[in-house]
Enquirer: 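Here you go, one structure.
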Amino acid sequence: MDFIIEAVVKAVKDLYQTDVAADAVNLQETRKEFEGQVTIVTFPFTKVSRKGPEQTGTEIGEYLKANVQEIASFNVIKGFLNISIADAYWLSQLNNNILADDFAVVKPNGKKVMVEYSSPNTNKPLHLGHIRNNLLGFSLSEILSAAGYEVVKANLVNDRGIHICKSMLAWQQFGNGETPQSSGLKGDHLAGKYYVWFDKAYKQQITELIEEGQTEEEAKKNAPLIKQAQEMLQKWEAGDEEVISLWKTMNGWVYDGFAETYKALGVSFDKYYYESDTYLLGKDIVEEGLAKGVFFKKDDGSVWIDLTEDGLDQKLVLRADGTSVYITQDLGTAQLKYNDYHMDESIYVVGNEQDYHFKVLFLILEKLGKSWAKGLYHLSYGMVDLPSGKMKSREGTVVDADDLMADMYSTAKEQTDAAGKVEGLSDSEKDALYHTIGMGALKYFLLKVDPKKRLLFDPNESVDFQGHTGPFIQYTHARIKSVLAKAGYKGVAFTSTDALDPVERDLIVSLTKFPETIAEAAKGHSPAVVANYIYEVAKNFNKFYHEKSVNQAETEDLKQFRMQLSAATANVIKRGMKLLGIQVPERM
RNA sequence: GGUCCCGUAGCUCAGUUGGAUAGAGCAACUGCCUUCUAAGCAGUAGGUCUUUGGUUCGAAUCCAAACGGGAUCACCA
């Protein structure tokens, strides 16, 4: 639409002898109730025209109509100049742009970006919150890739620490040698079972100690189980063979479990980092910071940074005993990642409960003078809440990822079978279809809302399959494929028609917005932008479909045109959904 | 208490750098399947955009305050 902006600038210059900046021209979509596709707000020009908004609009409109070929007509309502662009323009958009092989294909921009997401703890299975994280990270990676970036998907696995030892200890004491094979339990669920077990037994010990007269604080420190877990952690750090062996075994189970969940989710990674490898990193950065005077040492030997001038607090970066804290590792890992890939941008997909941590982390790296610090970005997403409040693993109020996906599958199966549309499909085809639809519903449900906002999930209300949903869009795609099959669509050919019907024009207009939507989603780090756009496309198609027949088109030319338009729509839907990590079926 | 985020229809959400009578979906109510897939289409009803003040031609959008909700302020990760 740049040509309209340029024309308006020229119009103002010729009519009122005044130069206006291109970005002062306010273009927006014309509202449905008025005629036209593009609207210019004329209030800003009344100052230079010294006339009322209506007269100014009329003058600019007449100028545009006389001087710009693509502008067919206009109307002015109050301060709004509504412009109708000639059908020929939209048709050429379809033929030369939308149907082209390279439509919305962006050339590599030469920039590399790392997206770190998922980053699970290996002591318990994934839950709904992790699903949101995984889907966001994967989708954002797809979007950035489509926007021209070279993307590295990274997973920083939290595979060590006291919480891992808790599961290990509980298994050692109560497990009786249980394995995924012996129990039929998925590995991550097995580990999670013992994690919960530990917590229960630990709480029991605390209660007993309190009854014996200890304060709660004392009891928490003195409970035998927590002491044993701490001992185990020390042994782990010392490389104790028995502990390391158990650790490897249990983590192995968990990884097998995660692999299954990741596969079902359809996410993948290019690079795994393990905290067992990185937890000691960062100490050299602490040295660097001390040398540069960015950090300072307290009398007890602990190292700190003072961020009070930046409105934050003093922050510990190294304990007095020389051991790392969370942020020490993250400083080191950030450097490691940069050394490995030299990326221009690095995105952390992490919940908004860690906003403060990342603010501090990025600020420290900036103060250390890291040239790459300005490319760091925290994609801070909102928590997934249940009607009862926040999910808590230890209290069992979580929606388990595997359970939820299984539920989605069976709901999809019910709905699909009830609709009676799977006749003739083999069992494996049906299975794939149920999975596609179930996951489509779940993924779309989670991705359509702005990542920054918290999200409410009610386990008692099933995820919708109607309306503004994944299955609605998938259905639209399948419908198009069905129409094209019946119409005998053969592929791309140049199409023409005399005049566009509004429903056809609206559909073309929405398709032209695909490239800018990808750019906007990439810039805003928001899959929701894509999700809402694809919904608009699907809605426009269904409206078109309802009003105009492809097969029964009045002329052969018109039929060709409508087939092309339908095929182009299916293509945009398919590619747009792919950016969300959602597959679309050929029939459903 | 300090800092940060959020508040749009009964519910779940859109709403670009300020622009027209604030839009969808679900739920409710009406129509439309002998015509390309009704997981669809069309329609009715539902709003003091939390409140108050400010900025201006014009505010859901920007600023300030209040109220309400959430997060965080660990030598946990």
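Values in this document were obtained by computation on a predicted structure and should not be read as measured data.
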Enquirer: Start at the 5' end of RNA chain B and walk down; is the nucleotide closest to A:Val483 or to A:Glu461 reached first?
Expert: A:Glu461
Enquirer: Side-chain N or O of A:Arg31 less than 4.0 angstrom from OP1 or OP2 on B:G19?
Expert: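 Looking at the OP1 and OP2 atoms of B:G19, neither is under 4.0 Å from any side-chain N or O of A:Arg31.
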Enquirer: Taking only N and O in the side chain of A:Arg454, is any of them less than 4.0 Å away from OP1 or OP2 of B:G7?
Expert: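 For A:Arg454, the contact criterion (side-chain N or O under 4.0 Å from OP1 or OP2 of B:G7) is not met.
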Enquirer: Just by protein heavy atoms under 4.0 Å, how would nucleotides 71-77 of chain B read 5' to 3' in B, S and -?
Expert: SSS-BSB
Enquirer: Counting any heavy atom closer than 4.0 Å, what does A:Val449 reach on the DNA or RNA strands: base, sugar-phosphate only, or nothing?
Expert: sugar-phosphate
Enquirer: Between B:U51 and B:G47, how far is it from one C1' atom to the other, in whole Å?
Expert: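 Pairwise C1' distance, B:U51 against B:G47, rounds to 16 Å.
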Enquirer: Are A:His525 and A:Tyr377 near enough that their ring centres are under 6.0 Å apart?
Expert: yes
Enquirer: Once you apply a heavy-atom cut-off of 4.0 Å, does A:Lys548 come out as touching a base, just sugar-phosphate, or nothing?
Expert: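 Result for A:Lys548 = base.
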Enquirer: How far apart are the closest heavy atoms of A:Met250 and A:Ser167, and which atoms are they?
Expert: CE-O, 3.9 Å
Enquirer: Contact class for A:Thr416 vs. all strands (heavy atom < 4.0 Å): base, sugar-phosphate, or nothing?
Expert: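 Base contact.
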Enquirer: Tell me which residues in residues 534-543 of chain A lie within less than 4.0 Å of RNA chain B, going by non-hydrogen atoms.
Expert: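 Under 4.0 Å from RNA chain B: A:Tyr535, A:Lys539, A:Asn542, A:Lys543.
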Enquirer: Determine whether A:Thr476 and A:Tyr545 make a side-chain contact, defined as any pair of heavy atoms from C-beta on separated by less than 4.5 Å.
Expert: no
Enquirer: Any base atoms under 4.0 Å from A:Ala478, or only sugar-phosphate, or nothing? Heavy atoms, all strands.
Expert: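 A:Ala478: base contact, heavy atoms under 4.0 Å.
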Enquirer: Where does B:C13 fall, syn or anti, if syn means a chi angle no more than 90° from 0?
Expert: anti
Enquirer: Heavy atoms under 4.0 Å, any strand shown: does A:Asp159 hit a base, just sugar-phosphate, or nothing?
Expert: nothing
Enquirer: Can you figure out which of B:G19, B:U37, B:A39 approaches the side chain of A:Met588 most closely?
Expert: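 Of B:G19, B:U37, B:A39, B:A39 is nearest to the side chain of A:Met588.
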Enquirer: Please figure out whether A:Ala528 or A:Phe34 has its closest RNA chain B nucleotide nearer the 5' end.
Expert: A:Ala528
Enquirer: For B:U37 and A:Lys486 - does any side-chain N or O of the residue sit under 4.0 Å from the phosphate oxygens OP1/OP2?
Expert: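 So the side-chain polar atoms of A:Lys486 do come within 4.0 Å of the phosphate oxygens OP1 or OP2 of B:U37, strictly under.
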Enquirer: Name the nucleic acid region contacted by A:Asp450, choosing base, sugar-phosphate or nothing; use a 4.0 angstrom heavy-atom cut-off, strictly under.
Expert: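 Answer is sugar-phosphate: A:Asp450 comes under 4.0 Å of backbone atoms only.
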Enquirer: Using the criterion of both pairing distances under 3.5 Å for Watson-Crick and G-U wobble pairs, give all stems of 3 or more consecutive pairs involving RNA chain B.
Expert: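 Counting only runs of 3 or more consecutive pairs, the stems involving RNA chain B are B:1-7 with B:67-73, B:10-13 with B:23-26, B:28-32 with B:40-44, B:50-54 with B:62-66.
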Enquirer: Is a salt bridge present between A:Lys559 and A:Glu554, judged by a nitrogen-to-oxygen distance below 4.0 Å?
Expert: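 No salt bridge links A:Lys559 with A:Glu554.
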Enquirer: Taking only the side-chain nitrogens and oxygens of A:Lys78, find out if one of them lies under 4.0 Å from OP1 or OP2 of B:C57.
Expert: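 Result: no.
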Enquirer: Please give, in whole Å, the distance from B:G58 C1' to A:Asn26 CG?
Expert: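 Atom CG in A:Asn26 sits about 12 Å away from atom C1' in B:G58.
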Enquirer: Just compare B:A39, B:A20, B:U8 and give me whichever is closest to any side-chain atom of A:Tyr475.
Expert: B:A39
Enquirer: Considering only atom P, compute the distance from B:G2 to B:A66 and round it to an integer number of Å.
Expert: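 Pairwise P distance, B:G2 against B:A66, rounds to 10 Å.
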Enquirer: For A:Thr39, which contact category applies under a 4.0 Å heavy-atom criterion: base, sugar-phosphate, or nothing?
Expert: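 Base contact.
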Enquirer: Would you confirm whether the ring centroid of A:Trp236 sits within less than 6.0 angstrom of the ring centroid of A:Tyr279?
Expert: yes
Enquirer: In whole angstrom, what separates A:Phe445's CZ from B:C11's P?
Expert: 15 Å
Enquirer: Look at A:Lys543 together with A:Glu504 and state whether they make a salt bridge at an N to O cut-off of under 4.0 Å.
Expert: no
Enquirer: Answer yes or no as to whether B:A20 has its base stacked against A:Phe80, where stacking requires a ring-centre separation under 5.5 angstrom and planes under 30 degrees apart.
Expert: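 Base of B:A20: stacked against A:Phe80.
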Enquirer: Does A:Glu216 pair with A:Lys220 as a salt bridge, N-O distance under 4.0 Å?
Expert: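 Yes, this pair counts.
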Enquirer: Salt bridge between A:Asp501 and A:Arg505, side-chain N to carboxylate O under 4.0 Å?
Expert: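 Between A:Arg505 and A:Asp501 there is no salt bridge, as every charged N stays at least 4.0 Å from the carboxylate O atoms.
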Enquirer: Mind calculating the distance between CZ (A:Phe74) and C1' (B:A20) to the nearest angstrom?
Expert: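 Distance check: A:Phe74 CZ to B:A20 C1' gives 18 Å.
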Enquirer: I need the CD-P distance between A:Gln415 and B:G40, as an integer number of Å.
Expert: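 Checked: the CD to P distance equals 10 Å.
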Enquirer: Please classify the nucleic acid contact of A:Leu456 as base, sugar-phosphate, or nothing, using heavy-atom distances under 4.0 Å.
Expert: sugar-phosphate
Enquirer: Base, sugar-phosphate, or nothing for A:Phe465, non-hydrogen atoms under 4.0 angstrom?
Expert: base
Enquirer: How is A:Leu455 classified with respect to the nucleic acid when contacts are heavy atoms under 4.0 Å: base, sugar-phosphate, or nothing?
Expert: sugar-phosphate
